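Structure first, commentary second.
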Amino acid sequence: MPELPEVEVVRQSLCKKIRHKKVKKVIVRNRNLRLKIPLNFEKLLINQKIIKVDRFSKYLILHLSNSIYCLIHLGMSGTIHIIYNKKKNFLTNASFYHSPTLPKKHNHVEFIFDDLKIVYNDPRRFGFFQIIENFSSLQKKISFFGPEPFQSIFDSKYIHSFFYKKEKNIKNFLLDQKFVSGIGNIYANEILFLCKINPFRKARLINIQECKKIVKNSRKILLDAIKKGGSSIRDFKNIKGKKGNFQKSFKVYERNGLNCKRLNCKGLIKKKNISNRSTFFCDMCQK
DNA sequence: AAGAGGCCCTGATAGC
DNA sequence: TGCTATCAGGGCCTCT
């Protein structure tokens with residue numbers, strides 16, 4: 001489940017591999033992702049150079065030489081694989097289309113470069129590709145989202161005023177991309193544990209000190225996860241097919257029934273549903 | 001306006 | 001063994 005850290009891990013390695021390279025061919029095998037891939041998609045990308053591989057929230061942003069942007073969202077189960085071709089004969093040699101490192105099914109989109117190609121695989125097809133025509137459209141799209149935890153405007157004042165009179169529980173807000181961008185279910189659970197905040201608590205009851213903790217711990221968890229290559233619960237892998245390591249650092253996620261990891265806390269981790277998402281917490285130390 | 005709930009999709013796993 | 005049910009969950013949608 002790619003959240004901000006997983007997408008950032010993909011961005012970093014993609015950037016190393018495809019920046020400044022020219023897209024030689026685009027193959028779309030299945031246009032029916034969450035958003036339908038338009039028929040002119042291939043034409044817009046072919047013969048364009050990748051100027052930059054950026055990211056906002058859980059979106060990858062390919063900046064192309066014809067000044068358009070290709071947004072990629074990995075949804076729940078999207079992965080990007082890299083397949084090398086040192087002989088640079090991708091366009092003529094079909095055998096590379098069946099690399100042993102590549103899953104056999106659900107390889108929906110490929111971008112082919114001279115010496116390598118990237119392959120988008122997504123069993124559940126919750127991910128999507130979207131063409132953004134120009135910079136102002138990109139800005140407009142991003143403006144509908146809340147800040148990332150790393151941005152300076154994501155501070156205790158912003159959080160506290162956002163939560164004013166809000167009856168919904170705090171966990172729902174951490175997952176609300178209009179409030180804060182990039183946090184998904186795993187990291188929402190982990191952040192609230194570090195903050196000692198019960199996920200069911202109404203947002204309006206979060207005090208300013210706790211807002212400060214939310215700022216600090218969101219940044220801490222996400223940065224730590226990026227450093228460790230993201231989390232691999234079920235399907236996340238980086239572009240080399242390697243798993244991340246942050247799942248080893250989970251304090252609450254998928255730990256229901258196990259001892260609370262907080263020093264001197266005798267609680268057991270509980271699992272309950274909030275808006276149909278698994279919520280893990282310790283009711284002894286998260287108040 | 002805010003909040004609750006449904007839906008898209010496939011694969012892994014549990015239970016009978 | 002093979003069937004069915006459940007769960008995983010990001011983001012968008014509708015309804016109240």
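Here is how names work: the chains are called A, B, and so on, in the same order as the sequence lines, proteins then strands, and each is numbered from 1. All values derive from a computational prediction rather than experimental measurement.
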Self-check item: Residue pair A:K43 / A:N40, side-chain donor-acceptor N/O under 3.5 Å
Solution: no
Quiz prompt | C:dG11 phosphate, OP1 or OP2, under 4.0 Å from A:K141 side-chain N/O | solution = no
Quiz item: Rounded to whole angstrom units, what separation is found between the CD atom of A:Q247 and the C1' atom of C:dA8?
Solution: 16 Å
Exercise. Please state how far atom CG in A:L71 lies from atom P in C:dG11, giving the value in whole angstrom units.
Key: 12 Å
Quiz prompt | Partner residues of A:R11 under the salt bridge (Lys or Arg N to Asp or Glu O under 4.0 Å) criterion, sequence neighbours left out | solution = A:E8
Quiz item: Would you say a side-chain N or O of A:S77 is under 4.0 Å from OP1 or OP2 of C:dG9?
Solution: no
Self-check item: Gap between atoms NZ and P, on A:K271 and C:dT6 respectively (whole Å)
Solution: 14 Å
Quiz prompt | A:Y253 OH - C:dG9 C1' separation (whole Å) | solution = 8 Å
Quiz item: Which parts of nucleotides 2-7 of chain B does protein reach within less than 4.0 Å, heavy atoms only, written one letter per nucleotide 5' to 3' as B for base, S for sugar-phosphate only and - for none?
Solution: -SS---
Quiz item: What pairs with A:K212 under salt bridge (Lys or Arg N to Asp or Glu O under 4.0 Å), at least two apart in sequence or on another chain?
Solution: none
Give me the distances for all protein-to-nucleotides 9-11 of chain B N/O pairs that come in under 3.5 Å?
from, atom 1, to, atom 2, distance (Å)
B:dC9, O3', A:R125, NH1, 3.4
B:dT10, OP1, A:R125, NH1, 3.1
B:dT10, O4', A:P123, O, 3.4
B:dT10, O3', A:H106, NE2, 3.2
B:dG11, OP1, A:K105, NZ, 3.2
B:dG11, OP1, A:H106, NE2, 2.6

Self-check item: Lys/Arg-Asp/Glu bridge criterion (N-O < 4.0 Å) met for A:E42, A:R31
Solution: yes
Quiz item: Which side chain to side chain donor-acceptor pair (under 3.5 Å) pairs, counting each pair once, include a residue from residues 215-230 of chain A, with sequence neighbours left out?
Solution: A:K228-A:S249
Exercise. Look at the aromatic rings of A:Y253 and A:F250 and report parallel, tilted or perpendicular, splitting at 30° and 60°.
Key: perpendicular
Practice problem: Mark yes or no for whether A:N121, through its side chain, and A:L102, through its backbone, hold a donor-acceptor pair below 3.5 Å. | Solution: no
Quiz prompt | Gap between atoms CD and P, on A:E254 and C:dC7 respectively (whole Å) | solution = 13 Å
Quiz item: A:S181 and A:E148: side-chain donor and acceptor closer than 3.5 Å?
Solution: no
Exercise. Could you check how far CG of A:L60 sits from C1' of C:dG10, rounded to whole Å?
Key: 15 Å
Exercise. Please list all pairs passing the ring pair (Phe, Tyr, Trp, His ring centres under 6.0 Å) test where one or both residues lie in residues 7-44 of chain A, with sequence neighbours left out.
Key: A:F41-A:F129
Quiz prompt | Interatomic distance where CD1 belongs to A:I274 and C1' belongs to C:dG10 [whole Å] | solution = 17 Å
Exercise. Would you kindly give the CD-to-P distance between A:Q177 and C:dG9, to the nearest whole Å?
Key: 14 Å
Exercise. Please tell me which of A:Y59 and A:S278 maps to the more 5' nucleotide of DNA chain C, matching each residue to the nucleotide holding its nearest heavy atom.
Key: A:S278
